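Remember, it's a predicted structure, so these values are computed and weren't measured experimentally. So you know, we letter chains A, B, ... as the sequences are listed, proteins then strands, and number each from 1.
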Protein chains: 2
Amino acid sequence: MGITRKTKAVKKLLSLFEPTVSAILAVDLIAQLKEEMNKTTVYRILDRLENEGIIHSFVGSDGLKWYAKCTGCSSNNHNDIHPHFQCTNCKKVTCLPVEIKIPIVENYTIENAAVFLVGKCNECSS
Amino acid sequence: MGITRKTKAVKKLLSLFEPTVSAILAVDLIAQLKEEMNKTTVYRILDRLENEGIIHSFVGSDGLKWYAKCTGCSSNNHNDIHPHFQCTNCKKVTCLPVEIKIPIVENYTIENAAVFLVGKCNECSS
DNA sequence: TATTTTACTGCAACAAAGTTGCGTTAAGCT
DNA sequence: AGCTTAACGCAACTTTGTTGCAGTAAAATA
Ligand SMILES: [Mn+2]
Ligand SMILES: [Mn+2]
Ligand SMILES: [Zn+2]
Ligand SMILES: [Zn+2]
């Protein structure tokens, strides 16, 4: 189950997540890998890696899809529930290593929460 | 500034938000109004109403745009910051009238938060 | 190492959401 | 009623993402 074959394409794509802690836009990955693989392949590999628990995805405030490395997830245990932050200045998106406290609201049984925060990162707030 | 002319189209669109507390998908509005106005018109009216502080928008977990009525906003004061909830069963999306407690995270100055909650609504959890 | 199997990839065509330009219509003011 | 211009319809376009199918290559088997 999952990524059964570690092809050149899979290795190449994974290598782009290595040097950074930031999340990466799916669209940016496609642009960056244009010479090396087809966009269909990029989307398919992202799908598989996410099912494997190697990366996770979320949607930004503009509806675009972001991907970032997981820490300690597997295919049957995706426990990477944390807020994501975007800097309004440098536009970088990062995973915040803090717990989300799921609110208790009457008449609603809340099972999951997606939190997208916006503000200024340390480097950009001079 | 804002909606200067209350046309038939504007009145009709606003009337769809009246009978419900739920949010409405932009795409659903377009489908529902297909016979009465063009989709371009729908998008343009939604834009204007949002700038006026009459409705507010947010993005669901699938990247689609939702709109809901504002309560007590104006064009220069959009203070409708609350979580949104989607029921996994009936798919309805509602505005939750609770305050979002913006987390304090070192190295990040958080200015805004979008919280999208998922679970079961009262009607659907038998 | 040669053969075989099938997971993976490329391509082209498609789908859905949303935007833009421009000519036409109608809201609402005099 | 006539005038001005905000608002509208339409078609064409952009962007993101998906699908079907034929061809390729990773890796298992012999
Ligand atoms: Mn993350
Ligand atoms: Mn709301
Ligand atoms: Zn920054
Ligand atoms: Zn429900």
If you only use heavy atoms from C-beta on, which nucleotide in [options] is closest to the side chain of [X]?
| X | options | value |
| --- | --- | --- |
| Thr7(B) | dG10(C), dA7(D), dT16(D) | dA7(D) |
| Tyr43(A) | dT18(D), dA27(C), dG10(C) | dT18(D) |
| Lys39(A) | dA26(D), dC10(D), dT16(D) | dT16(D) |
| Val10(B) | dT18(D), dC8(D), dG10(C) | dC8(D) |
| Ile45(A) | dT9(C), dG18(C), dT18(D) | dT9(C) |

Given the structure, check if the side chain of Arg44(B) and the base of dG18(C) hold any donor-acceptor pair shorter than 3.5 Å. no

Walking DNA chain D from its 5' end, the first of Ile30(A) and Glu36(B) to be reached, judged by nearest nucleotide, is Glu36(B)

Whichever of Thr40(B) and Ala9(B) has its nearest DNA chain D nucleotide further upstream toward 5': Ala9(B)

Using a strict heavy-atom distance below 4.0 Å, which residues from residues 56-68 of chain A are in contact with DNA chain C? none

Going by heavy atoms closer than 4.0 Å, what residues in residues 84-93 of chain A are next to DNA chain D? none

Non-hydrogen atoms of His78(B) and Glu50(B) that approach each other most closely: NE2-O, 2.8 Å

Just by distance, do the side chain of Lys65(B) and the backbone of Ser57(B) share a donor-acceptor pair under 3.5 Å? no

Parallel, tilted or perpendicular, judged at 30° and 60°: which one describes the rings of His56(A) and His82(A)? perpendicular

Return no unless some side-chain N or O of Thr41(A) is found under 4.0 Å from OP1 or OP2 of dG10(C). yes

